[in-house]
Student: 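For reference, the structure I am asking about is given below.
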Amino acid sequence: MTTIGIIGAGHIGSQLARKAVGLGYDVVISNSRGPETLAGLVAELGPKARAATPAEAAAAGDFAVITVPFKAIADVPVEPLAGKVVLDTNNYYWERDGHFPALDAGEATTSGLLQEHLPRSKVAKAFNHIMHTQITTDGTPAGTPNRRALATASDFPEAAELVTRIYDEFGFDTVNVGPLSESWRMERDRPAYVVRQNAAELAENLAKAPRTI
């Protein structure tokens, strides 16, 4: 069975772990404070989950999820993620992260900057524009009328394809906006952000997103 390495055990990371374990995945989850601080979560998740350091989680995963505050992406381990697909859930909150002029000016994207940090990985945007609680509650089977959709972006088709498969397993349709340079369309405060929408509505909201906010 596939193992998912999760770096970041906050709201999104924990919810992704819950859903993944429920689907039969093995999960290795980490945070910045040490595996021992995740004992309660791992006990809840059961035998298909274990806690580790970020480097260990990165090495153990067949693919990885990065779900740390944007200001902490420089601490994401690089070598253990080489050659792997990396799902990036990041959002830029300048109030928390401090100001990044390239992001403020619309000259970069959060996922693009993570890709620069992980030059031998295949980064794809995922799960950044849904409330964490809805990851485990809003999914429905394929073909359900008005099924909720989520967006992705990647410079690597195989990474976008993996996100599409994971979204479907989690209960969501996919809208692919293309390369990471377009991933700003699903970022904070734009029309597609944390709104329940089907695929057609999501595509419309992505198309009308402003580059800067």
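For the single chain, residues carry numbers from 1 onward in sequence order.
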Student: For residues 95-117, which residue pairs qualify under salt bridge (charged side-chain N to carboxylate O under 4.0 Å, His left out), counting only residues two or more places apart or in two chains?
Tutor: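 Sorted result for residues 95-117: Glu95-Arg188.
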Student: Does any part of the side chain of Thr3, heavy atoms only, come nearer than 4.5 Å to the side chain of Val28, both counted from C-beta?
Tutor: yes
Student: With a 3.5 Å distance limit and no angle check, can you tell me whether Ser183 reaches the backbone of Pro179 through a side-chain donor-acceptor pair?
Tutor: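 No.
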Student: Using every non-hydrogen atom in the two residues, find where Val68 and Asn90 come nearest and quote the distance to one decimal.
Tutor: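 Nearest heavy atoms, Val68 then Asn90: O-OD1, 2.7 Å.
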Student: Find out whether Leu81 and Val76 are in side-chain contact, i.e. whether some heavy atom of one side chain is under 4.5 Å from a heavy atom of the other.
Tutor: yes
Student: His117: which residues meet the ring-ring contact (aromatic ring centres under 6.0 Å, His included) condition with it, sequence neighbours left out?
Tutor: none
Student: May I have all residue pairs that pass salt bridge (charged side-chain N to carboxylate O under 4.0 Å, His left out) and include part of residues 79-92, sequence neighbours excluded?
Tutor: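 Matches after skipping sequence neighbours: Glu79-Arg120, Asp88-Lys125.
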Student: Which pairs, with at least one residue in residues 65-75 and sequence neighbours excluded, count as a salt bridge (charged side-chain N to carboxylate O under 4.0 Å, His left out)?
Tutor: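 Passing the test, one end in residues 65-75: no pairs.
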Student: Any side-chain heavy atom of Glu187 within less than 4.5 Å of one from Thr109?
Tutor: yes
Student: Does any non-hydrogen side-chain atom of Leu38 lie less than 4.5 Å from one of Ile29?
Tutor: yes
Student: According to ring-ring contact (aromatic ring centres under 6.0 Å, His included), does anything in residues 131-164 pair up with another residue at least two apart or in another chain? List the pairs.
Tutor: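 Only His11-His132 qualify under ring-ring contact (aromatic ring centres under 6.0 Å, His included).
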Student: Any side-chain heavy atom of Asn91 sitting closer than 4.5 Å to one from Thr110?
Tutor: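 Contact flag for Asn91/Thr110 side chains = no.
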Student: List the atom of Ser121, the atom of Ala82, and the distance in Å for their closest heavy-atom pair.
Tutor: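 So the two residues come closest at OG-N, 3.9 Å.
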Student: For Thr53 and Glu56, run side chain to side chain donor-acceptor pair (under 3.5 Å): C-alpha distance rounded to whole Å, both residues' side-chain angles, the deciding distance at 0.1 Å, then the answer.
Tutor: CA-CA 5 Å; Thr53 66; Glu56 290 167 343; 3.3 Å; yes
Student: How about Asp155 and Gln115: does a side-chain donor come under 3.5 Å of a side-chain acceptor?
Tutor: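 Asp155 vs Gln115: no donor-acceptor pair found between side chains.
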Student: If we ignore hydrogens and angles and just use 3.5 Å, is the side chain of Ser154 paired with the main-chain N or O of Ala159 as donor and acceptor?
Tutor: no
Student: Do Ile130 and Leu150 have side chains that get closer than 4.5 Å, going by heavy atoms?
Tutor: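 The answer is yes, as the side chains (C-beta and beyond) meet within the 4.5 Å cut-off.
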Student: Whether the side chain of Arg190 engages the backbone of Arg211 through a donor-acceptor N/O pair (distance < 3.5 Å, no angle test) should be reported.
Tutor: yes
Student: List for me each residue that meets ring-ring contact (aromatic ring centres under 6.0 Å, His included) alongside Tyr167, sequence neighbours excluded, and say none if there are none.
Tutor: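 If we apply the ring-ring contact (aromatic ring centres under 6.0 Å, His included) test to Tyr167, skipping adjacent residues, the hits are Phe127.
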Student: Are Arg165 and Glu169 close enough for a salt bridge, meaning some N to O gap below 4.0 Å?
Tutor: yes
Student: Is it the case that the side chains of Thr37 and Asn31 hold a donor-acceptor pair, with the cut-off being a distance below 3.5 Å and no angle test?
Tutor: yes
Student: Mark yes or no for whether Asp173, through its side chain, and Ala199, through its backbone, hold a donor-acceptor pair below 3.5 Å.
Tutor: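 Answer holds: no.
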Student: Any idea which heavy atoms bring Gly8 and Thr67 closest together, and the distance?
Tutor: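 Reported closest heavy-atom pair: O-CG2, 3.3 Å.
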Student: Quick one: does Leu45's side chain get under 4.5 Å of Arg18's, heavy atoms only?
Tutor: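 Yes, close enough: below the 4.5 Å cut-off.
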Student: Can any side-chain N or O of Ser14 pair as donor or acceptor with the backbone N or O of Gly10 at less than 3.5 Å?
Tutor: yes
Student: Say whether, by atom type as modelled, one donor and one acceptor occur between the side chain of Gln197 and the main chain of Asn205 under 3.5 angstrom.
Tutor: no
Student: Mind listing the closest non-hydrogen atom pair of Leu206 and Ala192 along with its distance?
Tutor: CD2-CB, 3.8 Å
Student: I'd like to know whether Arg196 forms a salt bridge (Lys or Arg N to Asp or Glu O under 4.0 Å) with Glu201, so could you lay out the CA-CA distance, the side-chain angles of the two residues, the decisive distance to 0.1 Å, and finally the verdict.
Tutor: CA-CA 9 Å; Arg196 195 197 185 288; Glu201 293 165 338; over 6 Å; no
Student: Are the charged groups of Arg147 and Asp138 less than 4.0 angstrom apart, N to O?
Tutor: no
Student: Decide yes or no for Val86 and Phe63: does some side-chain heavy atom of the first lie under 4.5 Å from some side-chain heavy atom of the second?
Tutor: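 A side-chain contact under 4.5 Å is absent here.
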Student: Could you point out which residue of Leu162, Ile166, Val65, Val163 forms a side chain to side chain contact (heavy atoms under 4.5 Å, CB included) with Val85?
Tutor: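 In the set Leu162, Ile166, Val65, Val163, the residue that makes a side chain to side chain contact (heavy atoms under 4.5 Å, CB included) with Val85 is Leu162.
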